[in-house]
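Step one of this worksheet: look at the structure below.
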Amino acid sequence: MSWLTIIANLLAILSLVALGLVVLLVVAWFLRRGGSDRLGLGELDERAWLTLATVVAGIAMAGSLYFSEVVHFVPCQLCWYQRIAMYPQVLLLGMAALRRDIGIRPYAMAMSLIGAAIALYHVIIQRFPSLSTGACSADAPCTAINLEVFGFVTIPFLALSAFLLIFALLLVARPVDDEVAA
């Protein structure tokens, strides 16, 4: 088994776990808004949520760099846009975690939604190439599938799950002051 297969399988499993966590976190957010914290998410402070989001962004960045710099997959134009939305989050969320600065939340959530929208479009045009706008080059077509695990997990799918998990982690994150006031 090659390193590419091992890493691709690991990232695919992580992306599926991430999507499960997204569902759990969104349900927890709705429960919390209803006055219940049955899942105990209030136990984590802003540093923990920001650190988790930083780790997710870091894994996504490392994965994309592995695919382009080690495996030599040429990123298409949509891949570059997704990188523009993901890479800065590693630094920004990491700095915010160190400073316990939850104020980054709306900005990182916006970047995650933009990245998720681009990744979702990328996933769709990989499955339905006729929907492509033709924005990508012939050298690196956006409709090409360089990697596929479990029959549906592609590189844009990995990015989509990371963006959604970062968004969900930040959605449930609240400053300690909010916990006391609630």
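- Side-chain contact between Leu170 and Trp49 is absent, with no heavy-atom pair separated by less than 4.5 Å.
- Through ILVMFWY side-chain contacts below 4.5 Å, Leu98 is grouped with nothing and stands alone.
- The number of heavy-atom neighbours closer than 6.0 Å to CZ of Arg127, taken from other residues, nucleotides and ligands shown, is above 12.
- The cationic group of Arg83 lies under 6.0 Å from the six-membered ring centre of Trp80 and within 45° of the ring axis, placing it in a cation-pi geometry.
- To the nearest 0.5 angstrom, Ile155 atom CD1 is 11.0 Å from Glu148 atom CD.
- If you check the side chains of Gln126 and Thr143, you find no donor sitting under 3.5 Å from an acceptor.
- One finds the SG atom of Cys79 at 10.5 Å from the CZ atom of Phe73 (value rounded to the nearest 0.5 Å).
- Panel note: side chain Arg47, backbone Ala97; a donor-acceptor pair is recorded below 3.5 Å.
- Phe167 CZ: more than 12 foreign heavy atoms inside a 6.0 Å radius.
- We find the OH-CD1 distance between Tyr121 and Ile124 to be 9.0 Å, quoted to the nearest 0.5 Å.
- Side-chain contact between Tyr87 and Leu65 is present, with at least one heavy-atom pair separated by less than 4.5 Å.
- For Thr5 and Ser2, the side-chain atoms include at least one donor-acceptor pair closer than 3.5 Å.
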